[in-house]
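Written below as C-alpha cells is the structure these notes are about.
Residue indices begin at 1 and follow the sequence shown. Remember, it's 1-based here, ligands and their atoms both numbered in the order they're listed. This structure is a prediction, so every number in the text was calculated from the model and none was measured.
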Amino acid sequence: MVRPDEAVEALLQEFADLLAITDGDPYKIRAYENAARTIAGYPADVSHLDVESLREIPNIGRSIAEKITEYFTTGRIEALERLREEIPAGVRELVKIPTLGPRRAMVLYTDLGIASVAQLEDAIQSGLLEEQHGFGPKTAANLLHGIELLTQSKGRIPLRDALATAEEIIVHLSAVPACMTCTYAGSLRRMCETVGDVDVLAASTEPEPVMDAFTRLPIVAEVIARGPTKTSVRTATSLQVDLRVVPPASWGAALQYFTGSKEHNIRVREIAVRKGLKLSEYGLFRVDDDSLVVSETEEEVYAKLELAWIPPTLREDRGEIEAARTGRLPRLVTVADIQGDLHTHTDLTDGAATLSEMLAAAQGRGYHYYAVTDHAKNLTMQRMTDEKMLDQRSRLRMLADTTDMELLHGTELNIEPDGEVDWDADFLAGFDLRVASIHSRFGQPRKAMTRRLVRACENPHVNIIGHPTTRRINQRPPVNADFDAVFEAAAATGTALEVNSSPDRLDLPDDLILRARHHGVKFAVNTDAHAVAQLDFLRYGVGTAQRGWLTPDDVINTWPLEKLREFVAAKQERLTPAGVPHRRAPRRT
Ligand code: DGT
Ligand code: CA
Ligand code: CA
Ligand code: ZN
C-alpha cells in the first residue's frame, strides 16, 4: 500500500521535475524538491493535517501546504494536472534518462520534435543529433549510455520498496491459521540492491487458505497465475510477487533453493552430486535409493554437505563455498554492531529535523556516539557560513549533558574538481571528524576523477569519503574513476570509505566493497540521514556491507570511540608534519 506521505512525496517530486522541464524558477523547483524530501522523511501521516499544521513542517510553505490539502480533499492537484497536459508523456520519459537534463529534453522536443526514448535513440544513430548545437559525438555517446541504463533498470525494483511490500505480505499471511511459517527468499533475502521479483515462501499442510489469503491482499492488483503450490501476483506498484507453499518438512530445502542465487545453488548441487546425493527444493536425497537424508532446516542441508551454514548475503558464488568448507566464513557486521552514525544532517542545511530531534532519535537507537555532519560552505545552495557552523558546534557541546551518547561535531565537505575541499586547515582542524563527498562535476574524465578522489584521501583532515561513486540506483551512473587507485590511496592514508545506506545510493556497492577490502581499506556504514525516519536506512547499508564480506573489524563505526578517535588522529599526525599546517603527502605510484 502506498502510504499517504509517499503519494505526496511522489507528486511534489513530479511537480519539481515538470517545472524543471518547463524552464521554471530554480528556487521554486528546489522548494518542491525540498518539500518532497521533507515529506518523505516525515514521521507521521500528513493526510489529516490542515494547511496551518502542514506549514509547521519545515520546508512546507503556504502554496505547497494548499496543494497537499487539495490532493487529500479532491484526489488531484490542479496545477500539476495543467503541467502534465503541457508536457507530453514521452518527454517526461526522456527526463528519466540519467545523462539528459530536463532543459535539454525540452530542447529536443521543441527543436526536433523528439518525444520518446525510441525517437531519441534513432536521432542519435542517424546522426541527426550531431547537427544540433550542443550535442557533439561525446554527448551522443553519453546519451546512448544513459538510455542503456534506463532500459537495464526497467523492471528491477529498489531493495527498500520490495522489502516494505514483502514485510507487509508476511504480516498478513502469518496471521492465516493454516500458515505455520512464512518468510521472503530470493534476491531480497540476499539483500541485493534491486530485485526482479519478490519470492515469498510459506510452510503449510493446507496450501488453499494461504493462497486465498494471498490473492485477496489489498495490495494485489492482478493475479498472474494461480496453482496449488505456486501463485504469482502483481501489486499496484507493478511488483511481481511469487508465493510458494511447501510442506513444513521440506522447509529448509525449499528455503535454501529459493534463496539462491542460482550460481550458488549450482555449486552446492555439484557438491551433493559428488557425495552421491541430490538436492532439490524438496530435500537432500540419496541417489541410489531415493531416500530422504534431510530437508527440515537449512543448517542440516549445509551440514550434510560438510559446509557451515552460509549467510544469505554471501550466497553469490564469490568464494563463500570454499570458506564454508574450510571454516573461514567471515563474522559479518550486523546492525547491532554499529555503535554510531558518522554522516547525518539537520535543518541547518537540507535536513528536515532539528539537531535535538535527530539526537533524540539516535539516542533511541542506543548509539554510543553520533556525528552531526551538515554540508560545508562551498555547496552554495546550502548557504552555510563559518558562523552557523561554529554556532551549531556550541549548541552541540551544550547538549552533551542531555544525552548518554558522545557527540561528535563533523561536516560533509565538498570534493572540488581538483580534489581540494572547503575551508582552510585551521578551520577543518576544529571538527571532530570530516566526511568529504563529490557533489558536482560528476562527468569528469577518468584520470581527473581518479586524481580528485586520491587527493581527497591524501588530505590529512578527510576521514571518510562519502558515497564514493555518487551513483544513484536506476538514476545516475557511478563516476568514472580508477577505483583500485582510489582504494590504494584510502588504505595507505587511513581514509575510510563510506557504505552509504540511503536505499537509492548503497554506495560503495557490494562489488566495490569486496575490491576495496582486498586493498586493506576501512569502511564506515552511515545513513546520511536527512530526517529522523532515515536513521532506519542503516539496515540497507549493513546488508550491502555484508554482501561485501565486511566484519566489525573492517567498519570503523563498530569500534569503541577511543579507537575511532585514534584512527582520526593517526591520519592527521602522519600526514601533517609538525608545525606545517597542511602539506599534502607525496603521491604514491
Ligand atoms: P531476481 O528475482 O531477478 O532479483 O533474482 P532471484 O535470485 O530472486 O531469482 P528468481 O526470483 O528467478 O528465483 C528465486 C530463486 O529460486 C533463485 O535465486 C534460485 C532459485 N531458482 C529459480 N529458478 C532456478 C533454476 O532454474 N535453477 C536453480 N538452480 N535455481 C533456481
Ligand atoms: Ca526474485
Ligand atoms: Ca521469482
Ligand atoms: Zn550527506
I need the nearest protein heavy-atom contact for atom 21 (N) of ligand 1: residue, atom name and distance, please. Tyr257 CE2, 3.9 Å

Between Gln240 and Asp242, a side-chain donor and acceptor under 3.5 Å: yes

Which protein non-hydrogen atom lies closest to atom 3 (O) of ligand 1, naming both residue and atom, and how far is it? Arg156 NH1, 3.1 Å

Cation over ring, Arg160 on Tyr540, under 6.0 Å and within 45°? no

Could you walk me through whether Ile513 and Asp554 pass the side chain to side chain contact (heavy atoms under 4.5 Å, CB included) test, one step at a time? CA-CA 11 Å; Ile513 296 173; Asp554 298 319; over 6 Å; no

Should the pair His519 and Phe487 be assigned to parallel (<30°), tilted (30 to 60°) or perpendicular (>60°) ring geometry? tilted

Looking at atom 9 (O) of ligand 1, would you say a protein heavy atom lies below 4.0 Å from it? no

May I ask you to list the atoms of ligand 1 that are less than 4.0 angstrom from any heavy atom of Thr259? 18 (O)

Within ligand 1, which atoms have a heavy atom of Gly186 less than 4.0 Å away? 8 (O)

I need the Asp212 CG to Thr231 OG1 distance, nearest 0.5 Å. 9.0 Å

Name of whichever N/O/S atom of Asp197 is nearest to the Ca ion (ligand 3): OD2

Residue, atom name and distance, where the atom is the protein heavy atom closest to atom 15 (C) of ligand 1: Phe258 O, 3.2 Å

Which ligand 1 atoms, with their elements, are less than 4.0 angstrom from a heavy-atom of Arg190? 7 (O), 18 (O)

What protein heavy atom is closest to atom 17 (C) of ligand 1, reported as residue, atom name and distance in Å? Gly260 CA, 3.9 Å

Thr194 to ligand 1: N or O pair under 3.5 Å? no

Can you tell me if Asp199 has an N, O or S atom under 3.0 Å away from the Ca ion (ligand 2)? yes

Considering non-hydrogen atoms of the protein only, which is the closest contact for atom 26 (O) of ligand 1, and what is the distance? Lys262 CE, 4.1 Å

Do the side chains of Glu281 and Arg244 get nearer than 4.5 Å, heavy atoms only? no

Looking at ligand 1, does any of its N/O atoms fall within less than 3.5 Å of an N/O of Asp199? yes

Over all heavy atoms of both residues, which pair between Arg471 and Arg505 is shortest? Give the atoms and the distance, please. NE-O, 2.7 Å

Measure the distance from atom 4 (O) of ligand 1 to every protein heavy atom, then report the residue, atom name and distance (to 0.1 Å) of the closest one. Ser187 OG, 2.5 Å

Find all atoms of ligand 1 within a distance of less than 4.0 Å from any non-hydrogen atom belonging to Asp197, and give their numbers and elements. 2 (O), 11 (O)

Does an N or O from Val195, backbone or side chain, lie closer than 3.5 Å to an N or O of ligand 1? no

Just give me the atom name: the N, O or S atom of Asp242 closest to the Ca ion (ligand 3). OD2

Rounded distance (nearest 0.5 Å) linking atom CD1 of Ile39 with atom CG of Asn34: 11.5 Å

Checking side-chain polar atoms at under 3.5 Å, does Asn500 have a donor or acceptor matched by the opposite partner on Asp507? no

Suppose I only count heavy atoms of Arg269 and a 4.0 Å limit; which atoms of ligand 1 are within that range? 29 (N)

Identify the heavy atoms of Ser501 and Gly541 that sit nearest to each other, and give their distance. OG-CA, 3.2 Å

Just by distance, do the side chain of Glu498 and the backbone of His467 share a donor-acceptor pair under 3.5 Å? yes

